Amino acid sequence: MSTALVTGLNGLSYAFILFLLAAGFSLTFGVMGVLNLSHGALFMFGAYIGLQVVSQLHNFWVAIAIAAIALAVIGFGLYFFFLRHLYNKVPEQAVLTIGLSYMIANVVLWIWGPVNHMGQEPGVLAGVFKVGTLSFPIYRLFIIGVGLLILALLWWVQDRTRVGAIIRAGMDNKDMTVSLGINYGLVSTLVFLLGMALAGVAGILGTPILGSYPSMGDNLLLLTLIVVVVGGTGYIQGTMLGALIIGLLDTFGKAYIPQAALFFSYIIFLVVLLVRPSGLIGRKVF
Amino acid sequence: MRRAPRSLIELTLPVIVVGVVVLTLPLFLPSFVASLVTKMMIYALFGMSLNIIWGYAGIPSFGHAAFFGVGGYAAGILVLRVGISSFWINLVLAVVVTAVVAAILGIPAFRVFGVGAGATNPIYFLLATIAFGELLSRGAIALRPLTGGSTGLAGIPAADLGLGFKMTSGRYYYLVFVVLVVCLYLIYRIVNSHYGYALRGIHDNERRMQALGYNTWLYKYTSWIIAGAFGAVAGVLFAHFGGIMVPNNLAMMTSDIAFLLVILGSTTTFFGPIVASVVYVGVEYLASIYLPERWPLIFGALFVITIMFLPQGLGVEILRVWRRVIRGTA
């Protein structure tokens, strides 16, 4: 029972990292109609940038900010040089971003080498939180807290603000939204940059748990795709639900049935595709 | 869009020239070049098989390696674990196994590849097909006694054609050539049949095809199985060529090669993937000599260059030049 609680906490913190990653992916996909398969590789790149900043400046908080800003800048470049020209061409976007993710992974390997670099949590968040005989790592609680905060923020933006209303309107009927004089292009580009920044935050937050190694982008991209399909696109709560299911399933699977753990996520994924192709909580975006 | 060449020379001359060059090549050039050309031919078939669904039916599958890998693994398992040595029997069985796998995976896949709204944006289909490849490659890792696990199924022997025929790499070249020619002929007949035209119709306007009374789901589903079967042939040839199948042969890395072959070659010409496989294997070979460590960077750059600078693909460019040459001289 006690190990199950600790595993549950680990699973939750993992789920929130997946959430941050998948939220960016799903926003891009829902709002811009862009399939960015380099999202995983950029997440990994964000982790490396963050670690580099930590090793130079010894400040985790600055590293989070720099990783987020750096990825937003890279995202702008990605949009400006490539995606802008591939509007509405999904297979082309997919091919292009797959190519970019190979390039990013190889450049990272070139600069930082193949070794798995583990991050170090800041001193304030090191140590464990004891409840009776159980001990929970504070850092994992911190990730859950940050994840909840961002979830609340995104949810509020989606349901309660003008930007959220524009996004929802655009997903329902883009042409109509544009014809009302709304600069939907600007809003969707900003949302894309926000998604990239979230990937950067997820990257550096994840380093003390997942580490960072050149091929992690592919692994996390696949999990992100599964989360997005299971949860559905278009609603932030769908992404959260997908991340919770996959994060917990993966963690508990690895803890109790390691041989079969690899399959669980994929089986859930196939079942959802068969039964509810638009995801558990999803709107038909396209 | 995809018009048949007007004059007979326009079509037959290049086919004959390429055929003669490929047939006589091993006589003049060192054996490593023949081995490269063997690989080009295998990849050409792999790319062509994906082009049936992508180029003609407009279904961009991201998990085509699943079929390539299942075919290759099936052939390897039949030789090493089951003990059937005949290349021909294994080829047929591997194709049948792969067709069954394709038929099973096609059911969930085409649930998300809807008509109308869904068909114009194949994002979910892309995601589903990526997962198929990954699922199968993880299956190959888990089923260690059968597949050799993560180190792969090694020691697949040279193809045994029966009748005491001794296979060498020089002879394998011609076997691959013959199989490729037969497959290309079959694919050509398929895509230029009534069935093939129906696939193009679905690509252009699925709703209209439905209005005309076509069961478009069935057309897409069967084309997916056919593409899988030809992909399996490429996989079988590959298994005997390299002597090893690894889980990665089922997964994204290999699917990406097929994707590159189609998009670099062009989705609108029949022979595009052949041209692309020559370029791809050539670049891969050069990279393996001069810059082996930067190969993924070059591989990725090929995708980016293709999309940004050759969106039509090499096939269309070559066709344009060739038509100009023919019209100029005639």
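Everything numeric in this text was worked out from a predicted model, so none of it was measured.
Counting all heavy atoms, side chain and backbone alike, B/Gly300 lies closest to A/Tyr102 at CA-CB, 3.9 Å. When all heavy atoms of B/Phe62 and A/Ala94 are compared, the closest pair comes out as CZ-CB, 3.7 Å.
Counting heavy atoms from C-beta outward, A/Leu221 and B/Ile130 have side chains that stay 4.5 Å or more apart.
Interatomic distance, CD1 of B/Ile305 versus CG of A/Leu96, reported as 11.0 Å (0.5 Å rounding). The distance from the CG atom of B/Leu127 to the CG atom of A/Leu35 is 6.0 Å, given to the nearest 0.5 Å. Summarising the geometry, atom CZ belonging to B/Arg138 is positioned 6.5 Å from atom CG belonging to A/Leu222; distances are rounded to the nearest 0.5 Å. Within the model, atoms CG of A/Leu37 and CZ of B/Phe303 stand 10.5 Å from one another, a figure rounded to the nearest 0.5 Å.
For a residue to count as touching a neighbouring chain, one of its non-hydrogen atoms must lie under 4.5 Å from one of that chain's; by this rule B/Ala131 touches chain A with backbone and side chain alike. Contacts between A/Val271 and chain B at a heavy-atom distance below 4.5 Å are absent for every atom of the residue. Interface residue A/Leu86: only side-chain heavy atoms are found under 4.5 Å from chain B. With a 4.5 angstrom heavy-atom cutoff, A/Leu100 touches chain B via backbone and side-chain atoms both.
For CZ of A/Phe80, the number of neighbouring non-hydrogen atoms (other residues, nucleotides, ligands) closer than 6.0 Å is 12 at most. Atom CZ of A/Arg84 is surrounded by more than 12 heavy atoms from other residues, nucleotides or ligands within 6.0 Å.
Between chain A and the options B/Gly139, B/Ala142, B/Pro296, B/Ala128, the largest number of non-hydrogen pairs under 4.5 Å is found for B/Pro296. Of the listed residues (B/Arg294, B/Met308, B/Glu134), the one with the most heavy-atom contacts under 4.5 Å to chain A is B/Arg294. Ranked by non-hydrogen atom pairs under 4.5 Å with chain B, the options A/Leu225, A/Ile98, A/Thr97 are led by A/Ile98.
Heavy-atom proximity under 4.5 angstrom to chain A picks out B/Asp256, B/Phe259, B/Ile263 from residues 256-265 of chain B. Of all residues in residues 105-114 of chain A, those placing a non-hydrogen atom less than 4.5 angstrom from a non-hydrogen atom of chain B are A/Asn106, A/Val107, A/Trp110.
Take A/Asp250 and apply the salt bridge (charged side-chain N to carboxylate O under 4.0 Å, His left out) test, not counting sequence neighbours, and it matches A/Lys254. Among residues two or more places apart in sequence or in another chain, the salt bridge (charged side-chain N to carboxylate O under 4.0 Å, His left out) test is passed with A/Glu92 by none.
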Can you list the steps and then say if B/Val304 with A/Phe82 is a side-chain contact (heavy atoms from CB on, under 4.5 Å)? CA-CA 9 Å; B/Val304 176; A/Phe82 303 112; 3.7 Å; yes

